[in-house]
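Taking it in order: structure first as structure tokens, then the write-up.
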2 protein chains.
Amino acid sequence: MTRGKDGKAQTHERILNNAAVRFREKGIDGIGVADLMKEAGLTVGGFYKHFGSREDLVAEAVEAMKNGWDPVFADAETRGLGGAPLFDALVDGYLDVQHRDSPGAGCLFAAIAGDLGRAGEKPRAAATHKLERMIDRFARVFEDRRPAAARAAAIFAYSALVGAVSLARATNDEALSREILTTVGKALKRLVRPEKT
Amino acid sequence: MTRGKDGKAQTHERILNNAAVRFREKGIDGIGVADLMKEAGLTVGGFYKHFGSREDLVAEAVEAMKNGWDPVFADAETRGLGGAPLFDALVDGYLDVQHRDSPGAGCLFAAIAGDLGRAGEKPRAAATHKLERMIDRFARVFEDRRPAAARAAAIFAYSALVGAVSLARATNDEALSREILTTVGKALKRLVRPEKT
DNA sequence: ATTATCTATAGATCTATAGATAATGC
DNA sequence: ATTATCTATAGATCTATAGATAATGC
């Protein structure tokens, strides 16, 4: 309706999904409203008919961020995978060089945890929601433990994963970067991996 | 000499140490050159007599960042501490709520790893240097293992620590935040702690 | 008539530079 | 005479808003 061929909701989604990628790639403050609108094929003036403020966009974008694990979980579910093999797939996928080199499509915490800690209440609330969901989902991988222990294992392993990719991206020494990824992967499989299922 | 009562080197240090705090508190792009100079008691015009560019300041500030562990290591050395007690002191200190709430005085990676991953070559080289030194120092805590295993333990534990504080800062749910800190602390002590010394 | 999007711009940033000033060293 | 710091400003951002325009629905 009106000017654009698409509906407003689709335009909204387009702005959002692009912002979700760009914020992870360039940091929350790394790209401006005008450029985000341009990348969505629009001009800056329409922005505030879609979002109350830039911060509102950040919060919505955080909610919209598909974390790289979604396909792994989905695939595991269809194939009836769980326990150790699923854990290994999640760890390997997270610590892969491709994930390290594609922050825009990857874990929001590895990419912008620091920015989120300094962000307003709305983005932080959205991040909290994402984090809770991620922990719950990851905890179910530890079928061999009681709920409290499974949750603890998920929190511990997830912290190590987030830290590893954050550090692997921060250094410009490729050898060190890969060493971090492989070392943390091995340690997690040795110390945290659930029993075979 | 000239205008200021202090020497140029002291002024340089003053700008640097303040920037090192502010960058961790507000993110690398969270404060401008003019405000940094004002906080050091100067005006913006003098900045480029001290630093070739803003990015050069970032790199120097990263080098200058005292990580919160320095006093713990120093204290341990004077008291002849090592092994398990030192490991516990480092883990507890890192995962303390006070560290979480004082990014300006804390670990640079927990505060700005994301920013560093997007920064220029000079800041990333400085970060790499810091990271290497941190790993080497932390690895010496694992006196009970061979060098390669000690290094792996240091990389793994450090990743978990950085991830835990990053996540604990990103959420606005105080209970979840504390749960992350205590859970990761317990897991590290159970799974990675060196033998008693 | 409504509304999604457009153009244009206000006002507040930010990095970097030019040229003046004031304190020291010869 | 030198130089560390100052004031002032250019030019490029950025968020947010005002008002015009063009497409749809009554």
Side-chain angles (χ1 to χ4, degrees), chain A residues 1-23 25-62 112 115-116 118-123, chain B residues 1-23 25-62 112 115-116 118-123:
Chain A
M1 47 192 69
T2 79
R3 223 107 132 191
K5 331 100 210 33
D6 304 337
K8 190 181 183 186
Q10 272 150 298
T11 303
H12 192 92
E13 285 265 296
R14 197 149 28 89
I15 301 168
L16 212 51
N17 290 329
N18 181 63
V21 171
R22 289 300 195 210
F23 286 152
E25 282 176 358
K26 310 180 71 142
I28 289 179
D29 292 330
I31 184 163
V33 166
D35 283 340
L36 287 170
M37 289 299 274
K38 191 188 285 180
E39 290 182 359
L42 301 163
T43 59
V44 66
F47 181 81
Y48 293 89
K49 294 285 154 66
H50 282 281
F51 304 95
S53 68
R54 189 183 191 285
E55 188 174 306
D56 286 0
L57 165 66
V58 174
E60 278 196 52
V62 166
I112 55 168
D115 291 349
L116 287 168
R118 297 180 285 265
E121 276 307 302
K122 282 179 187 176
Chain B
M1 46 191 67
T2 80
R3 224 108 132 188
K5 331 100 214 18
D6 304 338
K8 190 181 182 184
Q10 272 150 295
T11 303
H12 192 92
E13 284 264 298
R14 197 150 28 90
I15 300 168
L16 213 52
N17 290 330
N18 181 62
V21 171
R22 288 301 196 209
F23 286 152
E25 282 177 357
K26 310 178 70 134
I28 289 179
D29 292 330
I31 184 164
V33 165
D35 283 339
L36 288 169
M37 291 298 276
K38 190 187 286 181
E39 289 182 1
L42 302 163
T43 59
V44 64
F47 181 81
Y48 294 87
K49 295 285 152 65
H50 282 280
F51 303 95
S53 67
R54 189 184 191 284
E55 188 174 305
D56 284 2
L57 165 66
V58 173
E60 278 195 52
V62 167
I112 56 168
D115 291 350
L116 287 167
R118 297 181 285 265
E121 277 306 303
K122 281 180 188 176

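Below, chains carry the letters A, B, ... as their sequence lines are ordered, and counting in each starts from 1.
With rounding to whole Å, B:Lys38 atom NZ is found 12 Å from D:dC6 atom P. Rounded to an integer number of Å, the gap from B:Phe51 CZ to C:dA16 C1' is 15 Å. Summarising the geometry, the separation between CG on B:Leu36 and C1' on C:dT13 is reported as 14 Å, rounded to the nearest angstrom. Nucleotide C:dC14 holds its P atom 16 Å from the CD1 atom of B:Ile28, rounded to whole Å. In this entry the distance linking NE2 of B:His50 with P of D:dC6 reads 9 Å, nearest Å. We find that CG of A:Leu42 is positioned 14 Å from C1' of C:dT7, with the value rounded to whole Å. Atoms CD (B:Gln10) and P (D:dT3) sit 19 Å apart, rounded to a whole Å. As rounded to whole Å, 22 Å separates atom P of D:dT9 from atom CZ of B:Phe47.
Within the 4.0 Å cut-off from OP1 or OP2 of C:dA16, at least one side-chain nitrogen or oxygen of B:Tyr48 is found.
Of the candidates C:dC6, C:dT5, C:dA8, C:dT5 carries the atom nearest the A:Thr11 side chain, counting heavy atoms from C-beta on. Checking D:dT15, C:dC6, C:dT15 against every side-chain atom of B:Arg54, the shortest atom distance belongs to C:dT15. You'll find that the side chain of A:Val33 is closest to D:dT15, out of D:dT5, D:dT15, C:dA16.
Comparing A:Val44 and A:Lys49 along DNA chain C, the residue whose closest nucleotide (by nearest heavy atom) sits nearer the 5' end is A:Lys49. Residue order along DNA chain D, read from the 5' end via each residue's closest nucleotide, puts A:Gly30 first among A:Gly30 and A:Gly46.
Counting only heavy atoms from C-beta outward, the side chains of B:Ile31 and B:Glu39 approach each other to under 4.5 Å. For the pair A:Phe51/A:Val33, no side-chain contact is recorded, criterion being any heavy-atom separation below 4.5 Å from C-beta on. Proximity of B:Phe47 to B:Leu57: side-chain heavy atoms (C-beta onward) are separated by under 4.5 Å at one or more points. Between B:Leu36 and B:Val44, every side-chain heavy-atom pair lies at or beyond the 4.5 Å cut-off.
With respect to A:Arg118 and A:Asp29, no salt bridge is recorded, no charged nitrogen being found less than 4.0 Å from a carboxylate O.
Partner assigned to C:dG19 is D:dC6, using Watson-Crick or G-U wobble distances below 3.5 angstrom. Here C:dT24 sits opposite D:dA1 as a Watson-Crick or G-U wobble pair (both hydrogen-bonding atom distances under 3.5 Å).
Using a 4.0 Å heavy-atom distance criterion, A:Asp29 is classed as making no nucleic acid contact. Among the protein residues, A:Gly45 comes within range of the nucleic acid bases, having at least one heavy atom under 4.0 Å from a base atom.
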